[in-house]
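Remember, it's a predicted structure, so these values are computed and weren't measured experimentally.
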Amino acid sequence: MTYQPKSDFLTVMLERGFVADCTDYEAFDTALTKGVVPGYIGFDATAKSLHVGSLIQIMMLRWLQKTGHKPLTLMGGGTTKVGDPSFRADERPLLTDEQIDANIAGIKQVFAKYLTYGDGDTDALMLNNAEWLDDLNYLTFLRDIGRHFSVNRMLSFESVKSRLDREQSLSFLEFNYMILQAYDFLELNRRYGCMVQFGGSDQWGNIVNGIDLTRRVDDNQVFGLTSPLLTTSDGKKMGKSADGAVWLNADMRAPYEFWQFWRNTTDADVGRFLKLYTEMPLDECERLGALAGSEINAAKIILANEVTTLCHGADAAAAAEATAREVFEKGGVGDDLPTLTLTADDLPASIVQLIVKSGLAKSGKEAKRLIAENGARIDDAPLTDAGLMIDAAALGSPIKLSAGKKRHALVQLG
């Protein structure tokens, strides 16, 4: 992309690597220079937290606010009842209203850390599309909105086409999702003057639908800007780790484990991740990313501290780093390690059970394989006996369990 933006926001987006595509760079850039631009991202409430895979979009909204514009965080209280079929092999499980409300409450905790909410011109707004979707009259909606959509065109979008090419079922319920998302953009433009929708590049078709609908119905120009779908340099999907999703809520992923995820970044990704997930100056991101050998480890610690500070606070980042140093440099147990607390009624317990309960393995089978392949340790000594039983006497002091070199947990008697 050779376009040279005039606005602060688009400059940041392009320089730091946030942009996969934009519907009209020049017109969007002009709008950004003329006044406050409200922009939104929609998040369906399919879990009680967002994970690291959503963090690039959250950072886009944070930069939007920092450069003088207005973020709108749209909770999909209505669209979650349908489920986004984009690039999925099967239909999402349907959730109850109670489950959706609980998930929204959890997700709201994430945004409060990254955005300032309030009534000011650039203060963020927390919205829920159930407000306008729940009470739609079906026939009126079909007549006024549905007539603007071409089924031929909808079938051509890659997110739908890939599903049909694999001869996997696409329900009529799911097929409606892109119409509802387009309608969200129209409603947000009408109610809040929203001018841009952000999302991952897999949302391009849905975003373009909303732009077209807003132009056809109200003759208003709005924009779309997508971020790249990130994978790590070794090909793994961003947001996943060896033991599952890297959630942004502390009650679903301990701050120490969150910190450790970033500390374990591969060398080739450090510079790119510093640009996307921190607010450090560009030249410093590039300097740190260019380090080699043992020096790159210092850059990874900076990355982990900066990202963890944004998500969990400076104290949590400092505690995580201190624990890591205690565990890795001094061979200690560290104060901030994930901890499994047992009662006397839980004992005796097999070492396999404890490895699973402490989150170091997903199943007993995985735990036994870890032991068989010499990947497990107990108090830094090799663990070779999968039949080992732990009783109250063995827990006179906490024991440290390790899976590989980088994942650890404490087991103690409460």
Engineer: For the atom pair CG (Leu61) and OG1 (Thr73), what is the distance rounded to the nearest 0.5 Å?
Structural biologist: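 Here the interatomic distance stands at 7.5 Å.
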Engineer: If you round to the nearest 0.5 Å, how far is CE of Met126 from OH of Tyr117?
Structural biologist: 3.5 Å
Engineer: Is there a side-chain contact between Leu55 and Val307, using heavy atoms and a 4.5 Å cut-off?
Structural biologist: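 Side-chain contact under 4.5 Å: yes.
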Engineer: Between Glu15 and Lys275, is there a side-chain N and carboxylate O pair less than 4.0 Å apart?
Structural biologist: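 Looking at Lys275 together with Glu15, the answer is no, because their closest N to O distance does not fall below 4.0 Å.
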Engineer: Looking at side-chain heavy atoms only, is the closest gap between Leu310 and Thr278 below 4.5 Å?
Structural biologist: no
Engineer: Rounded at 0.5 Å granularity, tell me how far OG in Ser54 sits from CZ in Phe43.
Structural biologist: 5.5 Å
Engineer: Is a side-chain donor-acceptor pair under 3.5 Å present for Asp346 with Thr343?
Structural biologist: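 The answer is yes; a qualifying pair exists.
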Engineer: Minimum heavy-atom separation for Pro255 to Ala316, with atom names?
Structural biologist: CB-CB, 4.0 Å
Engineer: Mind checking whether Phe185 and Asn209 have side chains closer than 4.5 Å, heavy atoms only?
Structural biologist: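 No, side chains not in contact.
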Engineer: If I compare all heavy atoms of Ala299 with all of Val270, which pair ends up nearest, and what's the gap?
Structural biologist: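 Of all heavy-atom pairs spanning Ala299 and Val270, the closest is CB-CG1, 3.9 Å.
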Engineer: With sequence neighbours left out, write down each residue that passes side-chain contact (heavy atoms from CB on, under 4.5 Å) with Lys357, or none if nothing qualifies.
Structural biologist: Leu340
Engineer: Kindly give the heavy-atom pair with the smallest separation between Leu64 and Lys70, and that separation in Å.
Structural biologist: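 Distance-wise, the nearest heavy atoms are CD2-O, 3.6 Å.
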Engineer: Do the non-hydrogen side-chain atoms of Arg62 and Glu279 ever get within less than 4.5 Å of each other?
Structural biologist: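 Yes, side chains in contact.
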Engineer: Quick one, Phe28 and Thr23 - any side-chain contact, counting heavy atoms below 4.5 Å?
Structural biologist: no
Engineer: With a 4.5 Å heavy-atom cut-off, do His69 and Leu32 have their side chains touching?
Structural biologist: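 Side-chain contact under 4.5 Å: yes.
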Engineer: Do Ser7 and Asp29 have a side chain donor and acceptor closer than 3.5 Å?
Structural biologist: yes
Engineer: Do you know which of Ile100, Asn129, Asn103, Asp97 makes side chain to side chain contact (heavy atoms under 4.5 Å, CB included) with Thr80?
Structural biologist: Ile100
Engineer: Do we see a donor-acceptor contact under 3.5 Å between the side chains of Tyr40 and Asp184?
Structural biologist: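 Checked: Tyr40/Asp184 side chains show no N/O donor-acceptor pair below 3.5 Å.
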Engineer: What distance separates Ser49 OG from Ile107 CD1, expressed to the nearest 0.5 Å?
Structural biologist: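 One finds 7.5 Å between OG of Ser49 and CD1 of Ile107.
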Engineer: Only one of Leu225, Thr226, Ile207 clears side chain to side chain contact (heavy atoms under 4.5 Å, CB included) with Phe198; which?
Structural biologist: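 Only one of Leu225, Thr226, Ile207 forms a side chain to side chain contact (heavy atoms under 4.5 Å, CB included) with Phe198, namely Leu225.
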Engineer: Between Met59 and Tyr114, is there a side-chain heavy-atom distance shorter than 4.5 Å?
Structural biologist: yes
Engineer: Does Asp134 CG have over 12 foreign heavy atoms under 6.0 Å away?
Structural biologist: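 Atom CG in Asp134 is packed in, count exceeds 12.
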Engineer: I need the Phe223 CZ to Cys194 SG distance, nearest 0.5 Å.
Structural biologist: 11.5 Å
Engineer: What I'd like to find out is whether the side chain of Val37 reaches to under 4.5 Å of the side chain of Phe9, using heavy atoms alone.
Structural biologist: no
Engineer: Within a reach of under 6.0 Å around CG of Asp315, are more than 12 heavy atoms found that belong to other residues, nucleotides or ligands?
Structural biologist: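 Atom CG in Asp315 is not crowded, with 12 or fewer foreign heavy atoms closer than 6.0 Å.
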Engineer: Distance from Asn297 atom CG to Lys300 atom NZ, nearest 0.5 Å?
Structural biologist: 5.5 Å
Engineer: For Leu383, which of Ile355, Asn374, Leu370 qualifies under side chain to side chain contact (heavy atoms under 4.5 Å, CB included)?
Structural biologist: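 Going through the options one by one, the only one that passes is Ile355.
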Engineer: Which heavy-atom pair separates Leu274 from Met280 by the least distance, and what is that distance?
Structural biologist: CD2-SD, 3.9 Å
Engineer: Minimum heavy-atom separation for Trp204 to Gly224, with atom names?
Structural biologist: CZ3-O, 4.4 Å
Engineer: Taking only residues two or more places apart in sequence or in another chain, which ones pass salt bridge (charged side-chain N to carboxylate O under 4.0 Å, His left out) with Arg272?
Structural biologist: Asp269
Engineer: Atom NZ of residue position Lys113 - does it have more than 12 heavy atoms of other residues, nucleotides or ligands inside 6.0 Å?
Structural biologist: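 More than 12 heavy atoms, drawn from other residues, nucleotides or ligands, come within 6.0 Å of this atom.
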Engineer: Work out which heavy atom in Ile296 is nearest to a heavy atom in Leu288; give both atom names and the distance.
Structural biologist: CD1-O, 3.5 Å
Engineer: In terms of the angle between their ring planes, are Phe273 and Tyr277 parallel, tilted or perpendicular, with boundaries placed at 30° and 60°?
Structural biologist: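 Ring orientation of Phe273 relative to Tyr277: perpendicular.
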Engineer: Are more than 12 heavy atoms from other residues, nucleotides or ligands located less than 6.0 Å from atom CD of Glu26?
Structural biologist: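 12 or below, so no.
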Engineer: Does Arg263 have any salt bridge (charged side-chain N to carboxylate O under 4.0 Å, His left out) partners at least two apart in sequence or in another chain, and if so, which?
Structural biologist: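 Residues passing salt bridge (charged side-chain N to carboxylate O under 4.0 Å, His left out) with Arg263: none at all.
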Engineer: Whether the Asn206 and Gln203 side chains hold a donor-acceptor pair (N or O, under 3.5 Å, no angle test) is what I'd like checked.
Structural biologist: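 Distance-only check passes for Asn206 and Gln203.
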Engineer: So, Gln57 versus Ser227: side-chain donor-acceptor pair below 3.5 Å or not?
Structural biologist: yes
